[in-house]
Amino acid sequence: MSKEKVRVRFAPSPTGYLHIGGARTALFNWLFARHHGGTFILRIEDTDRKRYVPDALSYLLESLRWLELDWDEGPEVGGDYGPYFQSQRLELYHKWADWLVEHDHAYRCYCTPAELNEMRAEQRRKGLPPGYDRRCRYLTPEERAAKEAEGRSHIIRFKMPLAGTTTVYDLIRGEITFENSSLDDIVLLKSDGYPTYHLANVIDDHFMEITHIMRAEEWISSAPRHALIYRAFGWEMPKIAHLPLILNPSGKGKLSKRKKQSGSEEVLVNVKEYQDAGFLTDAVFNFLANIGWSYDDSTEVFSREEAIRKFDIKHINSAAAALPFSKMDWLNGIYIRQMAIPELTKALIPFLTEPLDQSEEELAEDDRLPKLVALIRERIKRLTEAAALIRFAYVEDVEYDPHKLIAKKLTAAESLAALREAIRRLEALPEFNEEALEAILRSQVAESGLKAGQLFNILRWAITGQKVAPPLFGSIAVLGRETALRRLRKAETLLLQLVAET
RNA sequence: GCCCUCAUCGUCUAGUCUGGCCUAGGACACGGGCCUUUCAAGCCCGCGACAGGGGUUCGAAUCCCCUUGAGGGCACCA
């Protein structure tokens, strides 16, 4: 890269939650800035008053912070190139829109939305390509004066060159050439006084001294229009790269905001949904960094520092991609297993309060919780999966089908005998901890001629009431002698009834 | 309809720019096995792709052309 200081921006529109595709765009820009020791700018493109959602900004900032994509300039942090909200930069846009009109690069258009709709309807009827027919571009001074006299409001449109071609150099796709005749006179300034994206992004990128634009592929068609606006201003256009789109899981269509559009498969579209689904920040970061970019030919798991060091636009893939959700689960499991117990415990608490009916305080103070977390750490892929596994420790009693207490290839009576022997041993056990429990129960297996699985499955049902549970000895130890024995004795009663019935 | 982009295992990808090291590598998922108190984790094995057709070349996943397929755009939205 050149010696100039890199300045990139992520410029979302505050219309809702942060979309995962937007997050990936932000992530690439952030990686690029950090790699080059440059500046990552957050700019809010709030020029569409119709789609404006009041809470969207806070959702946006929250999700970016959750992903730990810190911005050097922008909302709440300021900077020397502000304001960073386009709605606060209207004077600038007006000034330069007027400049374009004065220099014959733009013109006032008096067409009403109704007239434009009619025009489009007719184009469709005649099978013509849709697009503004430039009727106001050729207004005579008299006609213009007449429109003004009517008191009609106007917008400002750009005068596209009518002939020739415009070539844009895309950092990941190379040259892309367009016929200027296929470009229509786009709107720069709307009748409500707000600029369109086309005008605002050019002016802001210029005055914010943006050096590289990385935005989604859907903007390719706009690139020549933007290039032409830069040219009209006589400004140098930043280098530009269009990132591959993120597709629906089916691989058809860009990932939309509508959910569960692909059968039964789970489709997470907003960053918030990933957070709520129990994914970790670093795992989502790692996951997104691998969509459209890759660390090397064999490394799947890497830290953000490693990604920063390695990131290079040259290695961005140009093809659109569907999100590999199953890989997200696998990756998250890896990150979970890498966490220290206290850290994991803390991360888990918000996901446990509701299902376990405990307050955050109760859980934070419960010294059994870290022990349980240690037992399940390598068994969960999402934070949301923990509750079901450790629920047995947070209920007064466990419920299950008594027939489950009959071990494979044993009769009810034989199972009962095994259970009674285990109870006898546990009652006599001086140290009620995992190691001692394992030793005493394994010796029972050895002495009784039972299979380990036969005895342990009986105990697992009695202790946890679950077919799938954390490791048995640890589970018994966490419950403590009193509770564990109470559950075993209840199982004894249940088995006794089964024996009596047969 | 017009313009533009893209095209390697089911999916994410490496390789493509700078042809030969590619009988195409890795990962997830899937199938099988080992380990094992359930479930996981871990380890081993397997399945599985250069969209098709023409060129260029001693040699093409890689360069060129065509076809096909997929996607994006064509708003007083971004």
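Quick note on labels: first sequence line is chain A, next is B, and so on, each numbered from 1.
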Distance-only donor-acceptor test (3.5 Å): side chain A:S182, base B:C3: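 Such a pair does not exist between side chain and base.
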Donor-acceptor pair present, A:E218 side chain and B:G73 base, under 3.5 Å: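 By the distance-only test, no, there is no pair.
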Taking OP1 and OP2 of [N], is either one under 4.0 Å from a side-chain nitrogen or oxygen of [X]?
{"X": "A:T177", "N": "B:C4", "result": "no"}
{"X": "A:S294", "N": "B:A14", "result": "yes"}
{"X": "A:R157", "N": "B:C76", "result": "yes"}
{"X": "A:K190", "N": "B:C77", "result": "yes"}
{"X": "A:K327", "N": "B:U11", "result": "no"}

Quick one about [Y] and [X] (side-chain donor to acceptor, distance below 3.5 Å, no hydrogens or angles considered), yes or no?
{"X": "A:T299", "Y": "A:D296", "answer": "yes"}
{"X": "A:R215", "Y": "A:H242", "answer": "yes"}
{"X": "A:T112", "Y": "A:R152", "answer": "no"}

Proximity of A:H226 and A:Y197 rings by center, below 6.0 Å: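 That pair passes the under 6.0 Å test.
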Those residues of residues 442-457 of chain A lying under 4.0 Å from RNA chain B by at least one heavy atom: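 Heavy-atom contacts with RNA chain B come from A:R442, A:A452, A:G453, A:F456, A:N457.
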Candidates B:A41, B:C6, B:G71 - which lies nearest the side chain of A:R337: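 Nearest to the side-chain atoms of A:R337, counting from C-beta on, is B:A41.
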For the student: nearest non-hydrogen atoms of A:A347 and A:L383, plus distance: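 Looking at all heavy atoms of both residues, the closest pair is O-CD1, 3.9 Å.
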